[in-house]
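Below you'll find the structure, written out as structure tokens, and then a few comments.
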Amino acid sequence: MHESGSASVVGELYDLPLRILRDHLVPAEPPELEIGVIELEDGSAALATVLRDAVLDDAALLQSGDIRDISYLGDWREFLQREG
């Protein structure tokens, strides 16, 4: 976890073959994202798409406006509804 902390967000949990993750999902992600391990509300762990720590450490990229912190909303769908 990055030293900046964490946020609780609504997510979706899927059970899928690692082959699908490897061959389809990971290659389709933008370079700023990677697979990481997160803690779920019940204390268990799951793989998730997370922002790379290197991106969080890149002040120029963060100030560019290309990356936005929407964790205050706690939900990607809420962001899409508000920002469209």
Side-chain angles (χ1 to χ4, degrees):
M1 175 163 317
H2 193 271
E3 63 191 38
S4 65
S6 64
S8 294
V9 296
V10 174
E12 298 172 356
L13 193 58
Y14 296 92
D15 184 12
L16 57 103
L18 287 176
R19 179 181 48 61
I20 299 296
L21 183 67
R22 179 195 67 204
D23 295 345
H24 300 284
L25 297 178
V26 171
E29 291 294 349
E32 298 84 14
L33 301 178
E34 65 184 355
I35 298 298
V37 178
I38 60 165
E39 183 178 342
L40 301 177
E41 189 173 49
D42 68 1
S44 63
L47 294 177
T49 303
V50 298
L51 191 64
R52 293 181 187 274
D53 282 347
V55 173
L56 289 170
D57 294 332
D58 185 341
L61 182 58
L62 292 176
Q63 292 172 357
S64 73
D66 291 338
I67 306 254
R68 292 180 54 194
D69 180 2
I70 63 168
S71 60
Y72 67 94
L73 292 170
D75 188 345
W76 173 249
R77 289 187 177 128
E78 176 71 20
F79 168 74
L80 292 177
Q81 224 173 2
R82 288 184 183 201
E83 304 291 323

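Counting all heavy atoms, side chain and backbone alike, W76 lies closest to I70 at CE3-CD1, 3.3 Å.
Not counting sequence neighbours, the partners of D69 by the side chain to side chain donor-acceptor pair (under 3.5 Å) test are S71. Among residues two or more places apart in sequence or in another chain, the side chain to side chain donor-acceptor pair (under 3.5 Å) test is passed with S44 by D42. Residues meeting the side chain to side chain contact (heavy atoms under 4.5 Å, CB included) test with S8, sequence neighbours left out: none.
Hydrophobic cluster membership is shared by Y72 and L80, with clusters built from Ile, Leu, Val, Met, Phe, Trp and Tyr side chains linked at under 4.5 angstrom.
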Output side-chain donor-acceptor pairs under 3.5 Å for residues 9-35, partner residues at least two apart or in another chain, one line each.
from, atom 1, to, atom 2, distance (Å)
E12, OE1, Y14, OH, 2.4
E12, OE2, R77, NH1, 3.2
E12, OE2, R77, NH2, 2.2
E34, OE1, R52, NH1, 3.0

